[in-house]
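Being a predicted model, the structure only gives us computed values, none of them experimental.
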Amino acid sequence: MRSSAVMLALLLSGCGTFDSGQTIGRLQDQGPALNDIPLPSVRHADVREEYRRLLEVVEERKLKEQIERRIASVYMLEGDYHQLLGVLPGDDGYFPEAISAYHQLLEKYSGADENAEAMYQLAKAYDLDGRDREAQKILDRFIEDHPDSGRLSEVYFRKGDIHFRHEQYEEAERAYQSVVAIGGESEFLNNSYYLLGWARYKLSDYDRSLMSFSRVLDRLMPEDGKVEKLDNVDRSLVDDTLRIMSVGLAHAGGAGKIDAMFAGRPEAAKYTWILYSSLGEHYLEKERYEDSASSFRAFVESNPDSDRAPEMHSEMIRAYVDGEFSQQVLPEKERYVRNYGIRSEFWQTKPADIKAKVIPNLKTYIDELARHYHATGQRLKRELAEDSVKASKAVAMAGEQRTSFLKAADFYSEYEQTFPKDPRVPEMVYMRAEAAFDGEDYPGAIVDYERSAYEFRHPEYGPDAGYAAIVAYQKQVEQVIASAGKQSDELTQWRSKAVDSQLRFVQEYRADERSGAVLAKASEELFELGRYEKALEVATSVVSGAGTVDRDLNRTAYGVIAHSQYELGDYAAAEQGYRKQLDYIPADSEESGKVTERMAITIYKQGEQALAVEDMVGAIDQFLRIKAVAPNTDARVAAQFDAATYLMKLESWERALTEMHELRRLFPNHKLAATLPQKIAYAYEQDEQWASAAREYEAIYNSNASAAERRDALFLAAELYEQAGEEQQALAYFKKWAFDYEEPFDTRMEARYHVAYLYKRHNDLNRHLYWLRRVIDGHNKAPGSWQSDRSEWLAAWANNEYGDYWRIEFDRVKLRAPLNKSIPRKNEKLKNALDRYQQAAEYGVLEQTTRASYNIANLYGQFARELMDAPRPAGLSDLERMQYELVLEEQAIPFEELAIELHQANIERSWNGIFNRWVQKSFEDMARLNPARFDKQEVQVAYGEGIR
């Protein structure tokens with residue numbers, strides 16, 4: 001009897017409620033780790049038999065009831081188990097005994113509190129056995145008998161499933177609505193909303209169906225609308241909900257329904273755009289392209305300022321493209337550019353990350369639009385040229401042609417504005433010039449033709465662009481003549497500009513076959529505008545005439561002579577003309593100063609003429625002559641400045657420095673003075689006066705120069721201080737550069753390299769290592785377009801340097817007895833060194849790869865030697881000592897073999913013509929490791945000179 005009571009207690013507790021508040025984690029926290037204890041296999045039938053035996057000995061009614069409920073539960077467990085294993089069911093299914101047992105319990109103990117659970121299990125058994133009608137009846141009875149049960153939400157949900165399964169959608173709707181009405185946060189609420197939506201959809205109640213589905217999104221959709229954040233279960237439910245809502249919206253009226261239903265629901269804002277998108281995709285899958293585009297359009301028009309608007313707009317365009325609605329594609333692409341391009345409010349107000357998303361489309365669309373309108377204009381131009389167009393249509397076609405060309409030009413312009421650094425900008429500028437020319441916008445065409453010819457100097461169409469600019473000037477002159485007349489100032493201005501363009505073309509494209517004709521045209525225009533030879537002829541006759549000399553007339557005549565000679569390029573004669581003119585002008589007058597300035601300019605021009613014949617020394621003499629002749633003129637400053645520049649070209653550094661220092665002292669506020677510090681610094685540098693050059697660059701850095709100039713000057717000052725041996729100052733400036741500037745990337749890498757190098761020279765290893773990491777990270781984390789061979793070399797060098805540090809640490813750790821304590825420390829240093837050397841080798845930089853390879857091999861060899869030479873424990877017998885040494889040898893040999901293998905790989909590089917000091921060092925190590933092969937002495941054979 002006592003053993004039965006114990007069994008009763010165990011069985012009752014074993015089949016009781018599973019959630020006892022205990023977890024495996026909690027149990028483990030209460031004591032030492034538990035060991036697995038093998039338990040005997042117990043069959044369900046055995047458990048039931050034990051319960052039945054208990055029934056024979058238990059007399060208390062309540063306890064008998066509990067045992068009978070346990071027996072029913074065991075039947076239920078057994079059916080679940082067989083179903084899980086895939087055991088074939090009996091004729092009555094998997095759960096006939098469970099069903100029978102639960103029916104008996106309900107009849108025998110009617111009114112018992114536990115009957116709610118029994119009734120639920122009975123319904124479950126019927127359902128699992130495929131007898132869902134019987135299950136439904138039990139669920140109905142449960143609802144009636146246990147209206148306050150905690151399982152009520154699940155019961156209604158199961159009841160709804162059965163009705164839905166049998167297409168009883170109205171009953172299913174009521175059941176799911178009951179779950180919703182119960183509320184709370186039951187695990188069935190989300191699915192109930194979802195299936196409620198389905199039931200209403202099946203009943204064609206699309207509006208209410210959509211509202212039910214929307215509750216699922218209200219509850220599950222993240223606030224930022226990113227469904228990828230959800231777990232797999234919720235993500236699947238949300239995706240299915242969106243799909244069926246797309247179908248429902250298609251039935252309910254399309255995109256217009258979204259705004260009507262959800263505009264007044266703030267909680268729906270996080271997913272409204274997805275509804276438009278899903279609906280659009282749904283229509284696209286059904287090949288209803290116009291409806292798809294309309295769905296995307298509805299969102300764009302309702303939410304023009306949304307961050308999602310460009311994405312939806314591009315989807316609209318995609319729908320039109322897929323549907324081959326070519327007439328709609330072009331206007332929508334144009335509207336896209338207008339709405340989100342660089343000239344739009346969207347572009348002006350949105351952050352960079354949002355604008356970045358529209359850039360790919362803008363690049364494609366702007367290019368396509370520009371080329372479309374350009375091609376349209378060209379087509380219309382051809383059709384008009386064929387004289388096959390009726391006169392009544394020709395005017396309209398001509399207007400459309402001009403409009404098309406001007407729109408093309410505008411889109412080419414927008415492309416450059418949007419993507420100023422794009423490699424296609426030169427092409428776009430040229431195409432814009434072509435379109436503007438055909439659209440009769442000649443001033444615009446001139447600007448872009450000249451940019452193509454002289455700014456970009458495109459090898460393909462640069463000369464044509466320069467010549468086209470001249471033609472465009474001619475067209476513009478014709479228009480000015482027609483509008484303003486032949487005597488207008490506007491015409492004179494345009495002709496002067498045309499001459500400048502012609503001369504520029506000849507200067508830039510002298511070898512072009514058209515340059516001769518252009519030069520002839522330029523001389524013709526100059527004659528019409530200036531007529532210098534005739535002016536010179538008349539002025540000379542005035543000053544050489546007999547009779548009384550009129551001072552004012554001579555002053556004017558000599559001025560005309562000087563001006564004409566200047567324009568004709570006879571600068572020596574022009575200088576003499578101005579000298580003669582000065583004889584007739586009061587020395588202290590304002591006019592005297594102006595004429596003196598002109599005379600100085602003629603001397604300057606003589607210097608330029610000397611340069612033209614490559615007489616640089618003569619040019620310098622002419623430039624410096626102005627110091628004596630016209631010391632207070634602007635030309636003097638420019639001339640002395642240029643003289644210093646050419647002295648630098650002649651590498652006459654001391655003379656150049658003398659002139660520049662004088663300029664800086666006498667004319668500190670002249671506009672050219674701003675460039676003197678750079679030139680003086682450069683001259684000092686070339687003259688190898690490193691410290692003086694460094695101080696000049698340092699002064700530039702501390703000046704109000706541009707940010708780029710100050711940045712470059714700081715780096716140069718650091719380099720020159722290093723060359724001058726002032727390493728502390730160099731280190732300070734290299735470090736300042738590295739901290740203050742991120743670009744240019746190559747310079748930043750060099751600055752970090754110098755800092756690391758100098759810290760090593762001053763034995764500051766911690767800072768040396770820190771900057772080595774900065775060098776490595778600088779290359780590794782840089783965009784691929786920034787990385788260069790030099791940055792790769794520096795990263796490899798830095799890793800090798802880092803490896804050398806760990807090599808030193810490796811050397812410091814000595815093997816001592818007992819080895820099991822010192823070897824791990826030695827191994828740690830070895831691994832750190834090897835890791836760094838390996839990383840250095842992975843860059844593939846030859847010098848650093850051979851260095852890393854040698855050091856890895858050398859480390860392995862050293863480790864092998866240290867193992868072999870490791871101290872032997874005291875007190876070993878001869879046999880034990882021999883065995884101990886064998887073990888050490890077994891451990892050391894693999895490392896020595898690795899060393900040989902890596903040295904051999906380094907040496908093999910010499911067979912391919914690669915030889916440096918690291919390969920040489922590998923040869924030297926191998927002479928020790930493998931002397932039979934690598935330590936052979938050359939045998940010198942002497943031969944006699946006589947013939948034998």
Side-chain angles (χ1 to χ4, degrees), residues 1-23 26-27 30 39-83 92-129 131 134-159 182 184 186-187:
M1 185 66 182
R2 182 177 179 185
S3 62
S4 298
V6 172
M7 180 62 71
L8 171 64
L10 289 172
L11 291 173
L12 289 178
S13 64
C15 294
T17 302
F18 284 95
D19 185 10
S20 64
Q22 297 286 359
T23 66
R26 292 175 186 171
L27 289 172
Q30 294 173 4
L39 297 174
S41 177
V42 180
R43 297 180 303 163
H44 294 92
D46 295 335
V47 176
R48 287 196 300 274
E49 183 59 29
E50 289 294 332
Y51 277 128
R52 290 193 178 95
R53 290 179 186 173
L54 287 172
L55 282 175
E56 295 174 2
V57 299
V58 171
E59 297 178 355
E60 183 183 352
R61 183 178 182 279
K62 187 63 178 176
L63 197 53
K64 282 180 174 290
E65 178 185 344
Q66 289 182 6
I67 294 171
E68 290 172 4
R69 292 185 187 279
R70 293 291 187 271
I71 292 172
S73 296
V74 175
Y75 277 124
M76 194 71 186
L77 289 171
E78 185 175 28
D80 280 337
Y81 182 70
H82 288 162
Q83 198 172 50
D92 297 328
Y94 288 101
F95 303 94
E97 295 87 355
I99 291 171
S100 175
Y102 283 123
H103 271 299
Q104 291 175 15
L105 286 169
L106 293 173
E107 291 173 4
K108 185 174 182 179
Y109 303 105
S110 59
D113 294 337
E114 292 87 348
N115 282 355
E117 183 63 20
M119 198 174 293
Y120 170 81
Q121 294 295 337
L122 177 59
K124 178 181 177 181
Y126 274 127
D127 200 23
L128 290 174
D129 256 348
R131 299 162 64 182
E134 288 89 339
Q136 177 194 323
K137 293 176 182 177
I138 300 300
L139 293 173
D140 287 337
R141 182 176 162 192
F142 184 104
I143 293 167
E144 182 178 352
D145 292 349
H146 305 285
D148 299 321
S149 171
R151 283 194 180 273
L152 198 59
S153 292
E154 182 178 359
V155 168
Y156 272 118
F157 182 82
R158 302 302 180 195
K159 173 178 165 61
I182 292 171
S186 77
E187 60 183 299

Worksheet item: Parallel, tilted or perpendicular: which describes the rings of His44 and His82, with under 30° parallel and over 60° perpendicular?
Response: perpendicular
I'd like to know if the side chain of [X] and the backbone of [Y] have a donor-acceptor N/O pair within less than 3.5 Å.
X      : Y      : answer
Lys64  : Val58  : yes
Asn115 : Tyr109 : yes
Asp127 : Ala135 : no

Heavy-atom nearest pair, Asp92 first then Arg131, reads O-NH1, 4.5 Å
When every non-hydrogen atom of Pro147 is compared with those of Leu152, the smallest separation belongs to O-CD2, 3.1 Å
Q) Taking 4.0 angstrom as the limit, do Lys62 and Glu114 come out as a salt bridge? A) yes
Regarding Arg69 and Glu117, does a basic nitrogen lie under 4.0 Å from an acidic carboxylate oxygen?
no
With Arg48 as partner, the option from Glu78, Arg70, Arg43 fulfilling side chain to side chain contact (heavy atoms under 4.5 Å, CB included) is Glu78
Does [X] reach the side chain of [Y], with side-chain heavy atoms less than 4.5 Å apart?
X      : Y      : answer
Ile71  : Leu55  : yes
Leu122 : Tyr126 : yes
Lys137 : Arg141 : no
Lys124 : Phe95  : no
Phe142 : Arg151 : yes

To the nearest 0.5 Å, atom CD1 of Ile138 lies from atom NE2 of His103 at 5.0 Å
Evaluation steps, side-chain contact (heavy atoms from CB on, under 4.5 Å), between Tyr120 and His146: CA-CA 10 Å; Tyr120 170 81; His146 305 285; over 6 Å; no
Report task. Walk me through it: do Asp129 and Ile99 pass the test side-chain contact (heavy atoms from CB on, under 4.5 Å)? Result -> CA-CA 10 Å; Asp129 256 348; Ile99 291 171; 4.3 Å; yes
